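Just so we're clear, the structure is a prediction, and the values are computed from it rather than from any experiment. Proteins get letters first, then strands, A, B, ... in listed order; numbering begins at 1 in each.
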Number of protein chains: 2
Amino acid sequence: MEEKKLTLNLDIRSGLPIYTQIANQIQSQLVNGILKPGDQLPTVRALAQELRVNFNTVARAYRILDEERIISTQQGRGTYITEIPPPEVSERLRRESLVALTQRFINEAFRLGFSEREVSQMVRDNLKSMKEAAVNDNE
Amino acid sequence: MEEKKLTLNLDIRSGLPIYTQIANQIQSQLVNGILKPGDQLPTVRALAQELRVNFNTVARAYRILDEERIISTQQGRGTYITEIPPPEVSERLRRESLVALTQRFINEAFRLGFSEREVSQMVRDNLKSMKEAAVNDNE
DNA sequence: CCTTTTATTGTACTAATTGTATCATTGTCA
DNA sequence: TGACAATGATACAATTAGTACAATAAAAGG
């Protein structure tokens, strides 16, 4: 669950940009179970050296996967595979997990002495500021 | 009121720096009553060893909490939860803990692939059914 | 007891490692 | 050849680790 070698095969003639190839192959290795949630990916510089590529190209691949929430890149620390919503999980189980998650959240909030009003207000505010942040990202 | 074990859970995939995670969790344990005023926290080196982290990382977390007057760090002696949190501080802590709790909840829900709409709907439903249950209890 | 020594604890400063941002260069294709 | 996408170069910022130090407490010696 740590420090995989991460063997990638780049093909110059494929026509696909290098960063796309890197991103695709990491994603497919995750789907195939070669990479697992929690795994640390090589640093942008290490993988770049291995692939004989500029590290910004690797960083770009990582950024794509990060935006898709497949990995989590953290300045000063490294990049890690995140959990993925398992596609094989049924919609019913998915909903159930949200229900459970929500109940835990609300119970905890009540235990801290917050009112129903405070809780729903906080959820609204939080969702709103999140949406605004997303909008800013697109401008 | 002394020498708690202080169980913390670091998540490398959370995207938050370790020092932030440590500070947040100590703060929330105080709000939740797991830690109490006057409690001595582990030494920076002890907690660092336990978490497999450099002790400066723990020291940074402690410094953050110290600046917020939540703990008192004393060179040569140790670090302690502040004795009497001023009322405005404890109220602030209470609110901040709700913010943090809400953010964790929403992040987790998004990570599971739920939309903003689904999340807010689920919170509404859950609060509503809770209120109804409370009414039934009083009949 | 009091003083000196040693151990323990947090602090300060710096270095190393990591990802990010910005702009320049290259190459391809209409 | 001009525009645009891909890649490279360079400087930067954030996080964590390494080392030396200072303050306090505890232990030792007299």
Side-chain angles (χ1 to χ4, degrees), chain A residues 2-4 6 8-26 38-82 133 136-139, chain B residues 2-4 6 8 10-26 38-82:
Chain A
E2 290 286 329
E3 311 176 36
K4 291 286 171 51
L6 192 63
L8 303 183
N9 296 299
L10 301 185
D11 181 1
I12 302 295
R13 292 155 299 175
S14 75
L16 290 175
I18 296 179
Y19 65 86
T20 307
Q21 295 184 47
I22 295 173
N24 285 350
Q25 291 188 34
I26 289 175
D39 280 356
Q40 177 168 18
L41 294 176
T43 68
V44 290
R45 285 171 177 82
L47 182 55
Q49 182 169 31
E50 165 125 2
L51 300 177
R52 320 289 194 88
V53 156
N54 188 275
F55 70 83
N56 281 296
T57 303
V58 176
R60 185 166 177 182
Y62 281 7
R63 183 153 45 89
I64 290 173
L65 295 173
D66 187 280
E67 284 165 358
E68 294 178 3
R69 308 206 183 228
I70 291 171
I71 66 178
S72 162
T73 68
Q74 298 158 41
Q75 183 168 356
R77 285 212 282 157
T79 71
Y80 301 84
I81 306 278
T82 58
N136 289 337
D137 284 349
N138 294 338
E139 340 183 293
Chain B
E2 290 288 327
E3 311 176 36
K4 291 288 172 48
L6 192 61
L8 303 183
L10 302 185
D11 181 1
I12 203 144
R13 290 160 289 178
S14 75
L16 292 175
I18 298 192
Y19 65 87
T20 306
Q21 295 185 46
I22 295 173
N24 286 350
Q25 291 187 34
I26 289 174
D39 280 357
Q40 177 167 20
L41 295 176
T43 69
V44 290
R45 285 172 178 82
L47 182 55
Q49 183 169 30
E50 165 124 1
L51 299 177
R52 318 287 198 87
V53 152
N54 188 275
F55 71 84
N56 281 297
T57 303
V58 176
R60 185 166 178 181
Y62 281 6
R63 183 154 45 89
I64 291 172
L65 295 172
D66 187 282
E67 286 165 357
E68 295 177 358
R69 317 266 176 186
I70 290 169
I71 67 178
S72 160
T73 67
Q74 296 156 39
Q75 184 168 353
R77 309 218 8 237
T79 64
Y80 300 84
I81 304 281
T82 304

Between atom [atom1] in [X] and atom [atom2] in [N], what is the gap in whole Å?
X      : N       : atom1 : atom2 : result
L65(B) : dT11(C) : CG    : P     : 12 Å
L16(B) : dT16(D) : CG    : C1'   : 16 Å
R60(B) : dA12(C) : CZ    : P     : 14 Å
N54(A) : dA5(D)  : CG    : P     : 19 Å
Q49(B) : dT8(C)  : CD    : P     : 13 Å
L47(B) : dG10(C) : CG    : P     : 10 Å

Legend entry - Q49(A) atom CD: more than 12 heavy-atom contacts under 6.0 Å: no
Legend entry - Non-neighbouring partners of A59(B) that pass side-chain contact (heavy atoms from CB on, under 4.5 Å), sequence neighbours left out: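 Partners of A59(B) by the side-chain contact (heavy atoms from CB on, under 4.5 Å) criterion, ordered by chain and then number, come out as V44(B).
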Legend entry - Non-neighbouring partners of R63(A) that pass side-chain contact (heavy atoms from CB on, under 4.5 Å), sequence neighbours left out: R60(A), E67(A)
Inset, instruction - Examine dT15(D): is either OP1 or OP2 under 4.0 Å from a nitrogen or oxygen in the side chain of Y19(B)? Give yes or no. - result: yes
Inset, instruction - Take L8(B) and Q21(B), measure what side-chain contact (heavy atoms from CB on, under 4.5 Å) needs, and give me the verdict at the end. - result: CA-CA 9 Å; L8(B) 303 183; Q21(B) 295 185 46; over 6 Å; no
Inset, instruction - Would you give the length of the straight line joining atom CG of L10(A) to atom CD of Q25(A), rounded to the nearest 0.5 angstrom? - result: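 Between atom CG of L10(A) and atom CD of Q25(A) there are 6.0 Å.
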Inset, instruction - Measure the CD1-CG distance between I22(A) and N9(A) for me, rounded to the nearest 0.5 Å. - result: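 Here the rounded value is 12.0 Å.
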Inset, instruction - Could you run through nucleotides 19-30 of chain C and give me one letter per nucleotide, 5' to 3': B if any protein heavy atom sits under 4.0 Å from the base, S if only the sugar-phosphate is that close, - if neither? - result: BBB---------
